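Here is the structure we will look at.
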Amino acid sequence: MKIPHPDDFTSRLRSPAVAARVGLWLGICFGTCFLTGLVSHWAQTPSPVVPFPTGPAWGYRLTQGLHVVTGCAAVPLLLVKLWSVYPLLFERVDLRAGRRLVGVGLERASIAVLVATAIFQLATGLANAAQWYPWREFSFRTTHYAIAWVAIGALLVHVAVKLPRIRAALGADVDSDALDRPAARSAGVLSRRTLLRSTWVAAGVAVLATAGGTVPWLRRVSVLAVRSGEGPGGVPINKSAASADVLDTATDPAWALQVVVDGEVRSRLRLADLRAMDQHEVDLPIACVEGWSAEGRWSGVRVADVLAAASAPADRDVVVRSLQPSGPYRATILPAGFAADARTLLALDLAGEPLSVDHGFPCRVIAPNRPGVLQTKWLASLEVTT
Ligand SMILES: Nc1nc2c(c(=O)[nH]1)N[C@H]1C(S)=C(S)[C@@H](COP(=O)(O)O)O[C@H]1N2
Ligand SMILES: [Mo]
């Protein structure tokens, strides 16, 4: 097979004018993904040095919705971007270039890293948003997070190296051929403007197709929104009681929530005991890391009240254990600030009805500004260590 030469690619569309314009939006999407990803990682860090705030209540819903939506929009942008610069892959390096060779080598290495990590991030992120977890050997979150730093580093190097060209390309008319490869002269069927417009449309479709997981009135057009507001109380069900293997334990009439302080069981609260306490109502979303979210009207008892009734200290992180026998989310840490917040409930009802077993019956955690994955269902105990 003959290795192509850049001159074999003659379309005027494969130009710095197109690459810079698509690249600008791709950079905006990657930047948004990176920053919102940092927020999500912080929110999921068990006991962060700087506590994650409990407000605004909709904060995580917004940042994680943006994370997934911009990630999806980046897919068509990345494809068009790679297509537009593809001929450069075959540029011959002049080995007599001396010291410049180092610069060229570094630039190419940074692009190789950038392309590989960008594809990895989008592919793993999309699989996660589609609730497809083909990997068992590595933790999605730690890997996606670590690679994000590599990707953003490579992106910054790339932008810094290309800045003069990016500025020149964005400053000139889209049809200017001043920066084009001399071989890129053939007009083809599309104009550059049409290609760019089609690209924005494709990115827009990707946004609409996923944003419905977060924005209720978009649901009907959101074919890619995996969870769509179906489920008791208007809240989707992520993991069912059957798949978590808690059907028997959660519906056992002898169920009681244990409040444990320093390893000693301070109280055992039956469902009737919880119902006899002060009930409070909150409107809070379940905001899944996968991007979908839905608001529910929850009522139940305040975590702070339950801890106080057991004379547990109020300023400690609380380990929340589920009846679930295995799985990564059967135990979570409710940071002290969340445990103390008046909106943080052990929910017993959703939308005026007792929790369905799939939503976490007999009781579950619901707290403001918290990733869905930490809104633990089917509680068995709250544990505080002094
Ligand atoms: N015990 C337990 N709680 C859990 C989970 C789980 O797997 N086990 N999944 C979490 C995830 S990922 C989400 S998004 C929310 C979804 O809550 P819902 O099914 O009531 O919508 O529950 C959370 N609580
Ligand atoms: Mo989730």
Side-chain angles (χ1 to χ4, degrees), residues 37 39-41 43-44 46 58 60-61 63-65 67-68 125-133 139-141 144 210 213-214 216 219 225-251 255 257-258 282-300 303 318-334 338 344-351 353-383:
V39 171
S40 186
H41 193 79
Q44 291 180 72
W58 42 264
Y60 187 79
R61 185 179 199 186
T63 59
Q64 194 62 12
H67 185 76
V68 173
L126 277 183
N128 187 273
Q131 303 198 310
W132 182 48
Y133 296 81
S139 151
F140 169 79
R141 185 164 71 90
H144 199 67
T210 43
T214 314
R219 274 205 186 118
V226 183
R227 290 287 179 266
S228 55
E230 305 302 324
V235 177
I237 285 159
N238 187 292
K239 191 176 190 73
S240 69
S243 65
D245 201 11
V246 296
L247 262 180
D248 295 339
T249 45
T251 54
W255 175 87
L257 177 76
Q258 300 198 332
V282 291
D283 290 326
L284 288 177
I286 294 283
C288 184
V289 294
E290 291 147 8
W292 64 265
S293 60
E295 180 150 296
R297 175 156 294 178
W298 311 88
S299 59
V303 168
V318 179
V319 177
V320 176
R321 278 187 215 287
S322 161
L323 296 167
Q324 206 180 323
S326 64
Y329 306 119
R330 71 184 194 280
T332 52
I333 292 177
L334 187 68
F338 284 83
T344 302
L345 301 185
L346 299 185
L348 307 173
D349 297 319
L350 168 60
E353 303 273 335
L355 279 187
S356 66
V357 69
D358 289 331
H359 274 320
F361 179 88
C363 82
R364 75 172 305 162
V365 167
I366 185 78
N369 198 26
R370 193 154 163 81
V373 73
L374 303 177
Q375 310 274 37
T376 310
K377 307 196 271 192
W378 313 294
L379 298 196
S381 68
L382 302 181
E383 298 179 19

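As the structure lists them, so they are numbered: ligands from 1, and atoms in each ligand from 1. Only a predicted model underlies this, so the values are computations on that prediction, with no experimental measurement involved. FYI, side chains are in, hydrogens and waters are out, and symmetry mates aren't considered; it's all heavy atoms of this structure.
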* **side chain to side chain contact (heavy atoms under 4.5 Å, CB included), paired with Leu346, selected from Val320, Ile366, Leu257** => Leu257

* Heavy-atom donor-acceptor pair, Asp358 side chain to Ala241 backbone, under 3.5 Å -> yes

Are any protein N/O atoms closer than 3.5 Å to the N/O atoms of ligand 1? If there are, list each pair with names and the distance to one decimal place.
residue  : atom   : partner : partner atom : Å
ligand 1 : 1 (N)  : Ser322  : OG           : 3.1
ligand 1 : 1 (N)  : Gln324  : OE1          : 2.8
ligand 1 : 1 (N)  : Lys377  : O            : 3.3
ligand 1 : 3 (N)  : Lys377  : N            : 3.0
ligand 1 : 8 (N)  : Gln324  : OE1          : 2.6
ligand 1 : 17 (O) : Arg364  : NH2          : 3.1
ligand 1 : 19 (O) : Asn238  : N            : 2.7
ligand 1 : 19 (O) : Lys377  : NZ           : 2.5
ligand 1 : 20 (O) : His359  : ND1          : 2.6
ligand 1 : 20 (O) : Arg364  : NH1          : 2.6
ligand 1 : 21 (O) : Pro236  : O            : 2.5
ligand 1 : 22 (O) : Arg364  : NH2          : 3.4
ligand 1 : 24 (N) : Gln375  : O            : 3.0

* Structure fact -> The side chain to side chain donor-acceptor pair (under 3.5 Å) partners of Arg321 (sequence neighbours excluded) come to Glu383

Residues 244-251 side chain polar contacts: donor-acceptor under 3.5 Å, at least two apart:
residue : atom : partner : partner atom : Å
Thr249  : OG1  : Val246  : O            : 3.2
Thr251  : OG1  : Leu247  : O            : 2.6
Thr251  : OG1  : Asp248  : O            : 3.4

* **Where Trp378 and Phe361 come nearest, the two heavy atoms and their spacing** => CD1-O, 3.1 Å

* What pairs with Arg141 under salt bridge (Lys or Arg N to Asp or Glu O under 4.0 Å), at least two apart in sequence or on another chain? -> none

